[in-house]
Amino acid sequence: KGDSGLSEVNLLKSKVSALEGQLKALQANFAKYQKVATFPGGRTVGNKVFKTNGYEGNFEDLKQKCVQAGGQLATPRNAAENDAVQKVAALYNKSAFLGITDLKTKGTFKYLNDQPITYSNWLQGEPNNNQGNENCVEIFTNGKWNDRACGEKRLLLCEF
Ligand code: 293
Ligand code: CA
């Protein structure tokens, strides 16, 4: 099995070489589509893409539109993600609704998967549940958060 072992190694070498070429081409093409995805109203943080299309609607409308597109409402889970969402909102000079509410557990804000939030960036004095009717969260163009009535219209900003 000396000879057949060698040719098997050579076969594998050529297959690895072909895969290396395919991977390089795929990486270049992926880099191109990352640019497409983020121009002009998008930002990436790691593998997450945040994107708006400029549409405005109430919370339920925006939530549905993100899911329809294969994503969900933007849900910044750390300062880097919050910065990215802030930059997209600032591009349009509009506040956006986040994927966070206290609709099910009044007073405790949770992600749309019902887990309690582990990162927040509330403006001083927020959340204040103004008029007892603020169960959604808007992010201002400065990146700070405010609880706001879910029926208000805000910028669509999804994550993928
Ligand atoms: C009140 C007091 C304001 C505050 C506002 C928002 C509404 O009107 O200072 O900016 O509530 O919290 O969401
Ligand atoms: Ca508020």
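Just so it is clear, the values below take in all heavy atoms, side chains as well, and ignore hydrogens, waters and symmetry mates.
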Not counting sequence neighbours, which residues clear side chain to side chain donor-acceptor pair (under 3.5 Å) with [X]? List them please.
X: Lys110; answer: none
X: Tyr92; answer: none
X: Asp102; answer: Asn135

Checklist entry - Is it true that Phe97 and Leu103 fall in one hydrophobic cluster, defined by side-chain heavy atoms closer than 4.5 Å? => result yes
In terms of hydrophobic clustering (I, L, V, M, F, W, Y; side-chain heavy atoms under 4.5 Å; direct or indirect links), are Val85 and Leu91 co-clustered? no
Residues pairing under salt bridge (Lys or Arg N to Asp or Glu O under 4.0 Å) where one sits in residues 71-89, two or more places apart or in two chains, turn out to be Lys48-Glu81
ask   = Restricting to pairs with a member in residues 114-137, which pass salt bridge (Lys or Arg N to Asp or Glu O under 4.0 Å), not counting sequence neighbours?
value =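 Sorted pair list: Lys104-Asp114.
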Next item on the list: Give a yes or no on whether the backbone of Asn128 and the side-chain of Asp147 come within a donor-acceptor separation of less than 3.5 Å.
Entry: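 Side chain of Asp147 to backbone of Asn128, a donor-acceptor pair under 3.5 Å: yes, one is there.
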Ignoring hydrogens and angles, tell me if any N or O in the side chain of Glu56 forms a donor-acceptor pair with the backbone of Lys153 under 3.5 Å.
-> no
For [X], enumerate each residue passing the side-chain contact (heavy atoms from CB on, under 4.5 Å) test, keeping only those at least two apart in sequence or located in another chain.
X: Lys24; value: none
X: Lys51; value: Phe160
X: Ala149; value: Asn133, Glu152

Rounded to the nearest 0.5 Å, what separates atom [atom1] in [X] from atom [atom2] in [Y]?
X: Ile100; Y: Phe59; atom1: CD1; atom2: CZ; result: 9.5 Å
X: Ser7; Y: Lys13; atom1: OG; atom2: NZ; result: 12.0 Å
X: Leu62; Y: Leu155; atom1: CG; atom2: CG; result: 8.0 Å

Are Leu98 and Leu73 side-chain neighbours, meaning at least one heavy-atom pair lies under 4.5 Å?
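No, every pair of side-chain atoms sits at 4.5 Å or beyond.
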Please tabulate, for side-chain N and O atoms in residues 27-47, each donor-acceptor pair with protein atoms closer than 3.5 Å (sequence neighbours left out).
from: Thr38; atom 1: OG1; to: Gln34; atom 2: O; distance (Å): 2.8
from: Thr38; atom 1: OG1; to: Lys35; atom 2: O; distance (Å): 3.4

Under 3.5 Å donor-acceptor pairs involving side-chain atoms of residues 136-146, not counting sequence neighbours:
from: Glu138; atom 1: OE1; to: Arg154; atom 2: NE; distance (Å): 2.7
from: Glu138; atom 1: OE1; to: Arg154; atom 2: NH2; distance (Å): 3.4
from: Glu138; atom 1: OE2; to: Asn146; atom 2: ND2; distance (Å): 2.8
from: Glu138; atom 1: OE2; to: Arg148; atom 2: NE; distance (Å): 2.8
from: Glu138; atom 1: OE2; to: Arg148; atom 2: NH2; distance (Å): 3.1
from: Asn142; atom 1: OD1; to: Lys144; atom 2: N; distance (Å): 2.9
from: Lys144; atom 1: NZ; to: Asn121; atom 2: OD1; distance (Å): 3.2
from: Trp145; atom 1: NE1; to: Asn82; atom 2: OD1; distance (Å): 2.8

Note to self: Please give me the minimum heavy-atom distance between Lys65 and Asp61, naming the atom from each residue.
What the structure shows: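 Scanning both residues, the minimum pair turns out to be NZ-OD1, 2.8 Å.
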Tightest non-hydrogen contact, residues Leu157 and Phe50, listed as CD2-CB, 4.0 Å
Taking ring-ring contact (aromatic ring centres under 6.0 Å, His included) as the definition, give me every residue that meets it alongside Phe109, ordered by chain and number, with sequence neighbours left out.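 For Phe109 the ring-ring contact (aromatic ring centres under 6.0 Å, His included) partners, ignoring immediate neighbours, are Trp122.
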#### Entry: ring-ring contact (aromatic ring centres under 6.0 Å, His included) against Tyr55, all qualifying residues, sequence neighbours excluded
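Scan of Tyr55 (ring-ring contact (aromatic ring centres under 6.0 Å, His included), adjacent residues dropped) gives none.
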